[in-house]
Amino acid sequence: LQSQRPTVTVLAGDTALKDDGSDAIAGLTQAQKALPARFFYDDRGSQLFEQICDLPEYYLTRAETAIFRQYADDIAAATGACDLVELGSGSSTKTRLLLDAYARADLPLHYIPIDISAGILVESAEQLAKDYPGIEIHSLVGTYEQGLQQLPPASLPTRMVTFIGSSLGNFSEAESDTFFSLVAETLTTGEYFLVGIDLQKVVAVMEAAYNDSQGVTAEFNFNMLDHLNRRFDGDFQRDRFEHWTFYNADACQIETYLRAKVAHQVRLATLDLTVDFAVGETMLTEIARKFDLQQMQSCLDEHSLPVIRTFADSRGWFALLLCQK
Ligand code: AVI
């Protein structure tokens, strides 16, 4: 089979891709300081995240991969030939297990990865095109919202939108409601949505995943300061902060902060912003919600995305939910 060259479309859109730093200003001037988690993902941050996925304590990637290994054939059989739209595809590593399943079943597939990072998208599409010559690939560079709002018309009998890796956990409840509504608006009746969620479990296991012994997650957290310094001509000093993370059992989420070790001031010149930190003051950099299976099923139901199959790993730590509008 002759492999076709993958196509790439850079989506036009609102302000999401341009960066005036208004969200950083808003976060740094509120009573509980916070920074948008998107500032984790510069090139170094993306590399660090790949390293996190291989850490012994970070069970999420291995658990989800095990589910794909066991059930990818069932997922392919459930949807049949489809346009597979992946939100936040990154390097598409786990998705290969799905692509393999469609290939084994001889089911036609069009793959539409969507990611904000053009570099990783183009690179992985080129490699996928070589490895899966039968699959048509059309990459979209943009945010999830842009991707969903500007999807090409379905070219195969059905579509499946996937959102894996428990990236949903990094959304607040309000953000995830908005997101589910958008997915449901995008799909037509009978089309599919596959979502990966990290489940509630023993607290020590969840906390260790965000506070690994090699300090890679701490480095990932500190890297946000370097990123902000570069982007906004800032003078954050990482040795004035410490990595602090814990499971908030009331909110059912891991909360990760940078906590000031000393009272000091930080200046972000291009934002014309000076920020005061008291000793011990915290800056929230990420939430990672941990889900209850039944609650999530009801929530998806309420958004007209009823779950038709639930796949979990052998320890019941992680689940992939296949929903059909
Ligand atoms: C991308 N996301 C699902 C990761 C998570 O587990 O919430 C990001 C991460 N943050 C620290 N470690 C991993």
Side-chain angles (χ1 to χ4, degrees), residues 34-68 86-95 113-117 120-121 124 143-144 162-173 175-176 179-180 194-227 238 241-248 251-259 282-291 296 313 317-321:
L35 282 166
R38 68 187 182 87
F39 288 115
F40 280 133
Y41 299 98
D42 61 351
D43 286 346
R44 168 111 178 106
S46 301
Q47 275 169 15
L48 287 164
F49 179 62
E50 299 271 314
Q51 281 182 41
I52 287 174
C53 292
D54 289 333
L55 289 171
E57 294 95 338
Y58 197 75
Y59 59 84
L60 289 81
T61 312
R62 278 184 301 279
E64 194 176 42
T65 302
I67 301 172
F68 274 118
E86 179 170 19
L87 301 175
S89 51
S91 57
S92 304
T93 315
K94 283 170 281 187
T95 306
I114 303 176
D115 205 285
I116 193 87
S117 158
I120 196 157
L121 201 55
S124 70
T143 63
Y144 305 143
T162 67
F163 192 49
I164 62 173
S166 202
S167 296
L168 185 73
N170 302 131
F171 290 173
S172 69
E173 206 173 329
E175 286 166 340
S176 87
F179 172 74
F180 286 155
L194 182 73
V195 60
I197 54 169
D198 193 24
L199 300 172
Q200 292 161 14
K201 62 186 70 61
V202 176
V203 170
V205 170
M206 295 187 289
E207 288 187 338
Y210 294 84
N211 197 12
D212 64 279
S213 56
Q214 294 169 55
V216 182
T217 313
E219 177 62 28
F220 177 69
N221 202 12
F222 289 128
N223 178 63
M224 192 188 271
L225 300 179
D226 300 342
H227 185 193
R238 41 158 88 205
F241 289 92
E242 60 196 349
H243 172 69
W244 184 48
T245 185
F246 66 95
Y247 184 66
N248 176 338
C252 302
Q253 63 193 19
I254 292 281
E255 295 177 5
T256 300
Y257 298 86
L258 287 164
R259 182 165 56 191
T282 60
M283 181 162 62
L284 179 68
T285 50
E286 186 180 52
I287 61 163
R289 291 163 66 216
K290 304 299 162 190
F291 299 97
M296 181 49 72
D313 63 311
W317 282 6
F318 200 97
L320 271 182
L321 308 181

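When a ligand or atom number is given, it counts from 1 through the structure's own listing order. Hydrogens, waters and symmetry mates are skipped; everything else that's a heavy atom, side chains included, is used.
In this structure, M283 and L225 have side chains that are in contact, with non-hydrogen atoms separated by less than 4.5 Å. In this structure, the side chains of E219 and R44 come closer than 4.5 Å at one or more pairs of heavy atoms.
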Inset, instruction - List the steps, then state whether salt bridge (charged side-chain N to carboxylate O under 4.0 Å, His left out) holds for K94 with E86. - result: CA-CA 11 Å; K94 283 170 281 187; E86 179 170 19; over 6 Å; no
Give one line per pair: atom of ligand 1, protein atom, distance. Only N/O to N/O under 3.5 Å.
{"unit_1": "ligand 1", "atom_1": "2 (N)", "unit_2": "N170", "atom_2": "OD1", "d": "2.9"}
{"unit_1": "ligand 1", "atom_1": "6 (O)", "unit_2": "Y58", "atom_2": "OH", "d": "2.4"}
{"unit_1": "ligand 1", "atom_1": "6 (O)", "unit_2": "Y210", "atom_2": "OH", "d": "2.6"}
{"unit_1": "ligand 1", "atom_1": "7 (O)", "unit_2": "N170", "atom_2": "ND2", "d": "2.9"}
{"unit_1": "ligand 1", "atom_1": "7 (O)", "unit_2": "Y210", "atom_2": "OH", "d": "3.4"}
{"unit_1": "ligand 1", "atom_1": "10 (N)", "unit_2": "E286", "atom_2": "OE1", "d": "2.7"}
{"unit_1": "ligand 1", "atom_1": "10 (N)", "unit_2": "E286", "atom_2": "OE2", "d": "3.2"}

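F163 and F179 have tilted rings, their planes meeting at an angle from 30° to 60° on a 0 to 90° scale. In this pair, Y41 and F49 present their aromatic rings perpendicular. The plane angle is above 60°, beyond the 30 to 60° band.
If you check the side chains of T217 and D212, you find a donor sitting under 3.5 Å from an acceptor.
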